[in-house]
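Reading through the structure tokens given below for one structure.
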Amino acid sequence: MADRHERVLRRGRQADRGGGPGGVLHRRPVHGGGQVTQRRNILFLMTDQHRVDTLGAYGSRLAGTPVLDELARTGTRFERWYTPTAICAPARASLLTGQAPFRHKLLANHERNVGYQEDLPTDQFTFSQALREHGYQVGLVGKWHVGHHRRAADYGFDGPDLPGWHNPVDHPDYLGYLAERGLPPYAISDHVRGTLPNGGPGNLLAARLHQPVEATFEHYLATRAIEQLERHAATGDPFFLQVNFFGPHLPYILPDEYFDLVDPADVELPRSIAETFAGKPPVQRNYSAHWTFDSMPIETTRKLIAVYHGYVAMIDAEIGRITAAMARLGLHDHTAVFFTCDHGEFTGAHRLHDKGPAMYEDIYRTPGLLRVPGHPAGQVRSEFVSLLDCTATILDLAGIDPAPAVDSRSLLPLTAGDTVDWQPDIVCEFHGHHFPYPQRMLRTDRYKLVINPDSVNELYDLRTDPDELLNLYPLPELAPVRAALLRRLYLLLVERGDNFYHWMTSMYEVGEVSHDPTLSGLDDASYPPAASSPETPFP
């Protein structure tokens, strides 16, 4: 499998060794943090719905991801990189703004929006506009999916941003790309889907694509990204280029070369496939039925996981074409490179597919790689970091004050190898998909607490139960842990200004409060000012 993948990768590299603008970008010095720094070019590579365990750098033994593994080897791999919310548009809006979803208020995807705001406010701060105002070329190629009416160009991006949640194979630019090269049109067979509770056909999960690799949407996007790199390189000005692949989001639609790359017999099923949903919020069982897991044989699940890994391998090869072009253009030593995604994917874990109202590691912990020229290579950092932190990091690389990215913190001290005082836990949130469903999560070194106002809360010991099968929340022997986590989450939400804390005030023992959570202003005796005292250490 690895040899076959390397042949595909090598073929892509050879195709991109042609002519084009060369040389190193001219970078103008700017003042930042009291010293003169060089503004970096920035290449931001992003996938959609990407499991962390599909990369070799994170332990995968299937298919292989040599390009991304090389990025990890020459840069920094973040072991605990989380999405602020496991849903496309809100997560991408958080990257654009540096604000948590509850703050920017774009809380759901347009396609299944249930009444939430559909676009960011017109006066919303975004890193792209800040970069352009400071002399950067700013490009975006691929998936947009930040709001509905306002497009990437409205935020200062150049390039062919594309609408929708999955490869828009009827887009005129893609059809023109096929026609110019004499490539065959999109056609699929071997549909993989289950049966819905109402007896109808389930959502398409995978299919075989009857096109060569060169005609795939992924190859098309990489080609457009290389063209954009060449335009940026020709000007000599610093640039930011974001390349957003639509995959490996389901349905996994791949040509033979990748659809059959991984033998299903080599697939190790996730241990959480033993999920019974006992003691869990009932919505999880409903989602399992919606995604038709139990209506398909286990052999189909193995094949789906195999095809998913093939999808990741195909995208890795296309990223290889982009990084090879960057080297050809003389940009490698002067360009910071990010790789991450908006959120993860279940792919059969917990008898689920896609993502949804279940705050498991499968969809909240994601890959995060960052190579900064001049910073140490091969680092592994264990701090809890977030997609949100990319915003401040991008601004920091450009020598711009990151202060407007209020929920974001620059990762550059970490990639520089510094010892940094960093928050020892992380808060994530969810607001719904298909229907409103608010959740908040606190992840610490050992434990995870999930608050589900309409259902049972969840508590997992990730040291003894990394697959999150046993909900420990009701166990009396865990009362001290539960109390400490509730208190910690409550205080963090109050500090952030996330009004979700009001529910926690009345429903759980969160300790003393220093405010009137009734908002009445008429009952000070109920909530007297709390004396300041050291917080109880949390686990």
Looking at [Y], is [X] sitting on its ring face, NZ or CZ under 6.0 Å from the six-membered ring centre and within 45 degrees of the normal?
{"X": "R496", "Y": "F102", "value": "no"}
{"X": "R440", "Y": "F430", "value": "no"}
{"X": "R80", "Y": "F384", "value": "yes"}

Shortest non-hydrogen contact from G202 toward L196: CA-CG, 3.7 Å

Taking every non-hydrogen atom, the tightest pair across G98 and L388: C-CD2, 3.6 Å

Qualifying residues under ring pair (Phe, Tyr, Trp, His ring centres under 6.0 Å), relative to [X], sequence neighbours excluded:
{"X": "F125", "answer": "none"}
{"X": "F338", "answer": "F44"}
{"X": "F240", "answer": "F127"}

Residue R271 excluded, over 12 heavy atoms near CZ under 6.0 Å: no

Validation row, ring centre W144 to ring centre Y155 under 6.0 Å: yes

is_close_aromatic(Y360, H350), centroid dist under 6.0 Å: yes

With distance as the sole criterion, is a donor-acceptor pair present between the side chains of [X] and [Y] under 3.5 Å?
{"X": "E458", "Y": "Y460", "answer": "yes"}
{"X": "S94", "Y": "H104", "answer": "yes"}
{"X": "Y82", "Y": "E361", "answer": "yes"}
{"X": "H249", "Y": "K355", "answer": "yes"}

Any L254 side-chain heavy atom under 4.5 Å of Y308 side chain: no

Given 3.5 Å as the limit, does a donor-acceptor pair link the side chain of [X] with the main chain of [Y], or not?
{"X": "T340", "Y": "M46", "result": "no"}
{"X": "Q117", "Y": "D119", "result": "yes"}
{"X": "R321", "Y": "T323", "result": "no"}

Within residues 181-192 or reaching into it, pairs that qualify as side-chain hydrogen bond (donor to acceptor under 3.5 Å, both in side chains) - sequence neighbours excluded: S189-H210, D190-R208

Summary of side-chain hydrogen bond (donor to acceptor under 3.5 Å, both in side chains) pairs that have at least one residue in residues 286-301, sequence neighbours excluded: D294-R351

Among D48, L387, L106, the one residue meeting side chain to side chain contact (heavy atoms under 4.5 Å, CB included) with R92: D48

The single option from V213, I315, T47 passing side chain to side chain contact (heavy atoms under 4.5 Å, CB included) against E218: I315

Between [Y] and [X], is there a salt bridge with N-O shorter than 4.0 Å?
{"X": "D53", "Y": "R61", "answer": "no"}
{"X": "R103", "Y": "D498", "answer": "no"}
{"X": "D362", "Y": "R51", "answer": "yes"}

Interatomic spacing from CZ in R371 to CD in E70 - rounded to 0.5 Å: 9.5 Å

Atom pair CG (L489) and OG1 (T444), whose distance is rounded to the nearest 0.5 Å: 11.5 Å

Where at least one partner belongs to residues 272-282, residue pairs that pass salt bridge (charged side-chain N to carboxylate O under 4.0 Å, His left out), sequence neighbours excluded: E275-K280

Aromatic ring pairing Y174/F217, orientation class (parallel under 30°, perpendicular over 60°, tilted between): tilted

H50 and its ring-ring contact (aromatic ring centres under 6.0 Å, His included) partner, picked from F339, W81, F246, F245: F339

